[in-house]
Amino acid sequence: MLPIDAAAHSSRWRRRHPVDKAVLGLGLTLLAISLPPWPGAALVLLAALVVLLGPAGVPWLRLWRAYRVPLGFCVTGALTLLVQVGGPGGFVSLADDGPVRAGELLLRTSAASLGVLLFAFTTPMSDLLPRLVRAGVPAPVVDVALVTYRMSFLLLDSVRRVRDAQAARLGHTTRAAAWRSLGGLGATAFVRAFDRAVRLQAGLAGRGYDGTLRVLVPEARVSVRFTTASCVLLAALAVLTFVLERPLT
């Protein structure tokens, strides 16, 4: 199990309905995209951090390990706005408004990423996917997503076991040995994935699979109080943004 999935299963908000957390997390993401970068995205980023580390109870170290990957993409995308190709300054030169545009993009994307992580750190996929059928998503699409979600963890576990076995047999001591081990790892993972798929198909056929996977979903109700508080927070952030709005210089 990935760390973010383990955190979602042990979250304080695990028993809350996914709609409650979607209103808050995805609402913050939409605000980060739609509000002015300064101070809107900055306020959203701060609010998301407070909620994640406070009420949601996400450990800061685990949050950082998950956040640093999308943050790296955010920084990489923002750096490209610092330069321009062509023009009077030469083939590649510094953009006149590059730092401002890069700062705005970094604020938007980093804040939006925290909003998505808020939903991911509090909502296990096993709680979300089965409920998508009630929301109108076709059942076969949800079934494929459930099987893919399950198979991905099995495949990662197989890869880890093979790598540990190769390391125990000194399969990574030299560059040539590492490349041979990598090739063997890919071949073994490919064969095991097909073997698990065949066994899964046989198991479903033996249990009378009729095109729909039926799973137990934890009982949960949409909390009017929680949803209302989330909407109040989102509205307050929007109002505060327009009150404090200043150009980013």
Side-chain angles (χ1 to χ4, degrees), residues 1-37 39-60 62-64 66-67 70 107-143 145-146 149-150 212-245:
M1 183 176 292
L2 297 177
I4 193 169
D5 291 280
H9 280 277
S10 59
S11 171
R12 296 176 184 174
W13 292 352
R14 164 70 193 280
R15 300 302 176 186
R16 291 194 175 277
H17 198 281
V19 171
D20 295 342
K21 296 168 283 190
V23 170
L24 179 57
L26 303 185
L28 290 172
T29 301
L30 291 177
L31 285 183
I33 297 173
S34 57
L35 290 177
L43 290 174
V44 171
L45 188 148
L46 179 61
L49 279 176
V50 171
V51 173
L52 277 164
L53 300 177
V58 178
W60 69 270
R62 183 172 291 180
L63 174 62
W64 167 245
Y67 185 47
L107 279 176
R108 284 188 185 277
T109 53
S110 57
S113 300
L114 277 179
V116 175
L117 285 177
L118 174 59
F119 183 74
F121 265 107
T122 55
T123 310
M125 293 296 291
S126 57
D127 292 350
L128 174 63
L129 290 177
R131 290 185 168 91
L132 293 180
V133 178
R134 304 176 186 176
V137 179
V141 175
V142 176
D143 292 346
L146 280 170
Y149 176 72
R150 173 60 178 166
T212 303
L213 291 174
R214 295 173 176 83
V215 297
L216 294 176
V217 181
E219 290 293 333
R221 294 183 178 181
V222 177
S223 174
V224 177
R225 180 179 301 178
F226 187 90
T227 305
T228 302
S230 300
C231 293
V232 170
L233 174 62
L234 298 176
L237 290 174
V239 171
L240 189 59
T241 297
F242 291 111
V243 171
L244 301 177
E245 185 176 2

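- Residues satisfying the side-chain hydrogen bond (donor to acceptor under 3.5 Å, both in side chains) criterion with T227, sequence neighbours excluded, are D20.
- In this structure, the ring-ring contact (aromatic ring centres under 6.0 Å, His included) partners of F226, at least two apart in sequence or on a different chain, are W13.
- In plain terms, the two heavy atoms of P18 and F119 that are nearest each other are O-CE1, 3.6 Å.
- Residue P37 comes nearest to L107 through the heavy atom pair O-CD1, 3.6 Å, listed as atom of the first residue, atom of the second, then distance.
- Taking the side chain to side chain contact (heavy atoms under 4.5 Å, CB included) definition, one finds that V19 meets it with H17, V23, V222, sequence neighbours left out.
- The side chain to side chain contact (heavy atoms under 4.5 Å, CB included) test applied to P70 returns Y67, S113, not counting sequence neighbours.
- Pairing each heavy atom of R108 with each of P36, the nearest pair is NH2-CA, 4.0 Å.
- Summarising the geometry of G54 relative to R12, their closest heavy-atom pair is O-NH1, 3.0 Å, with the distance given to 0.1 Å.
- The two residues A8 and P124 make their nearest non-hydrogen contact at O-CG, 3.7 Å.
- Going from atom CZ of R14 over to atom NZ of K21 covers 8.0 Å, rounded to the nearest 0.5 Å.
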Got a list of side-chain donor-acceptor pairs under 3.5 Å for residues 24-35, not counting sequence neighbours?
{"residue": "T29", "atom": "OG1", "partner": "G25", "partner atom": "O", "Å": "3.1"}
{"residue": "T29", "atom": "OG1", "partner": "A112", "partner atom": "O", "Å": "3.3"}
{"residue": "T29", "atom": "OG1", "partner": "V116", "partner atom": "N", "Å": "3.3"}
{"residue": "S34", "atom": "OG", "partner": "L30", "partner atom": "O", "Å": "2.7"}

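- In this structure, T122 OG1 and R15 CZ are separated by 13.5 Å, a value rounded to the nearest 0.5 Å.
- T241 and L237 make their closest contact through OG1-O, 2.7 Å (heavy atoms, listed as atom of the first residue, atom of the second, distance).
- Applying the side chain to side chain contact (heavy atoms under 4.5 Å, CB included) criterion to L49, with sequence neighbours excluded, gives L45, L63, L114.
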